[in-house]
Structure formats: C-alpha cells, structure tokens
Novice: 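Below: one structure in structure tokens.
First listed ligand is number 1; within each ligand, the first listed atom is number 1. Starting from 1, each residue takes its place in the sequence as its number.
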Amino acid sequence: MSIEPSVRVEDKLFYNRYLVDTGRAHIKVRPHTTPSPELLTMLKACPARCYELNDKGQVEISVDGCIECGTCRVICEGSGDIEWSYPRGGYGVLFKFG
Ligand code: SF4
C-alpha cells in the first residue's frame with residue numbers, strides 16, 4: 001500500500017501572492033565560477049525552486065517566488081555564498097491566500 005500526498009507543495013504555493021520589489025532582490029548569490037556544495041544543495045532544497053543553474057554552470061536566484069522560509073540562509077550560513085535579508089516592508093510573499 002502506498003501513501004500518496006493529498007496536497008502537493010506546488011499546489012499550495014499557487015495560492016501565495018507576491019509583491020515584487022523590482023530591482024531590489026532581498027537575496028543575492030555571491031559571484032562565483034564554480035558553485036560550492038552548499039549552492040548546489042539549494043537547487044533541490046529551496047521549496048519554491050528559486051535557485052537554478054545557468055548555462056555556465058553557475059547558480060542563480062530569482063527571488064520573485066521566495067516564501068522567506070530561510071532554508072538557504074541556514075544552509076549557506078557558513079559558506080558565505082549568499083547575502084540574505086527580508087524584503088522591504090510591504091513587499092515579498094503574502095500568505096493569506098493559502
Ligand atoms: S528563503 Fe526559502 S524560498 Fe526563499 S530562496 Fe531561500 S530557500 Fe528558497
């Protein structure tokens with residue numbers, strides 16, 4: 001007997017709304033040529049899938065769908081691979097829909 005989840009993460013994320021602070025990303029990936037193990041971990045660990053590999057094999061972030069969970073902040077804390085802060089007041093994720 002297999003147990004299937006009744007609700008997928010992607011379905012729940014759909015109900016969130018975001019007010020994007022254009023041009024002021026609240027999380028930044030430090031420039032690098034080869035990603036650290038911590039950055040590579042973020043490709044799978046971010047629940048909103050904000051981290052991606054570009055065509056040069058570097059890790060990039062798009063914060064538009066960030067749910068401010070702090071996972072990347074914890075994982076990359078020791079490596080210094082990212083700069084993390086909350087969005088400015090009024091911007092970012094709105095959870096009241098889901
Ligand atoms: S705070 Fe959470 S949702 Fe936002 S980029 Fe980091 S891991 Fe992804």
Side-chain angles (χ1 to χ4, degrees):
M1 180 174 126
S2 67
I3 299 174
E4 296 290 325
S6 59
V7 178
R8 298 180 316 138
V9 172
E10 291 80 4
D11 295 335
K12 293 294 284 181
L13 291 173
F14 175 77
Y15 289 103
N16 293 333
R17 296 295 178 262
Y18 306 88
L19 186 57
V20 177
D21 197 359
T22 306
R24 296 184 68 146
H26 65 282
I27 304 171
K28 295 177 182 166
V29 174
R30 296 241 168 97
H32 59 279
T33 51
T34 304
S36 67
E38 289 85 354
L39 279 180
L40 292 173
T41 297
M42 290 318 307
L43 299 174
K44 296 195 180 232
C46 173
R49 302 190 182 190
C50 294
Y51 289 84
E52 290 183 341
L53 270 183
N54 66 19
D55 55 4
K56 295 177 184 168
Q58 300 159 334
V59 174
E60 293 181 339
I61 185 170
S62 172
V63 296
D64 293 0
C66 173
I67 58 172
E68 301 166 29
C69 68
T71 301
C72 56
R73 184 177 189 178
V74 171
I75 289 178
C76 296
E77 184 177 22
S79 67
D81 287 319
I82 63 171
E83 294 175 34
W84 200 101
S85 61
Y86 284 108
R88 289 192 298 162
Y91 291 95
V93 65
L94 305 172
F95 288 110
K96 63 184 176 183
F97 300 105

Novice: Name each donor-acceptor pair under 3.5 Å that joins a side chain in residues 37-52 to protein atoms two or more places apart or in another chain, with its distance.
Specialist:
| from | atom 1 | to | atom 2 | distance (Å) |
| --- | --- | --- | --- | --- |
| Glu38 | OE1 | Ser36 | OG | 3.4 |
| Thr41 | OG1 | Pro37 | O | 2.8 |
| Arg49 | NH2 | Glu10 | OE2 | 3.4 |

Novice: Are the side chains of Leu94 and Asn16 in touch, meaning some heavy atoms are under 4.5 Å apart?
Specialist: no
Novice: Answer yes or no: is there a side-chain heavy-atom contact under 4.5 Å between Val7 and Lys12?
Specialist: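 Val7 vs Lys12: side chains touch.
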Novice: Where's the contact between Ile27 and ligand 1, heavy-atom distance under 4.0 Å: side chain, backbone, both or neither?
Specialist: side chain
Novice: Find out whether Asp21 and Pro87 are in side-chain contact, i.e. whether some heavy atom of one side chain is under 4.5 Å from a heavy atom of the other.
Specialist: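 They are not in side-chain contact.
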Novice: Step through the shown structure and confirm whether more than 12 heavy atoms of other residues, nucleotides or ligands are within 6.0 Å of CD on Glu83.
Specialist: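 Enclosed.
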Novice: How many protein atoms of type N/O/S are positioned less than 2.8 Å from atom 2 (Fe) of ligand 1?
Specialist: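 Excluding waters, the total comes to 1.
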Novice: May I ask you to list the atoms of ligand 1 that are less than 4.0 angstrom from any heavy atom of Tyr51?
Specialist: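 Numbered from 1, ligand 1 contributes 5 (S).
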Novice: Which pair of heavy atoms, one from Val93 and one from Tyr18, lies closest together, and at what distance?
Specialist: CG2-CE2, 3.5 Å
Novice: Any atoms of ligand 1 less than 4.0 Å from a non-hydrogen atom of Trp84? List them with their elements.
Specialist: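 Going through ligand 1 atom by atom, the ones under 4.0 Å from Trp84 are 1 (S).
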Novice: Could you report the tightest heavy-atom contact between Gly90 and Leu19, atom names first, then the distance?
Specialist: O-CD2, 3.1 Å
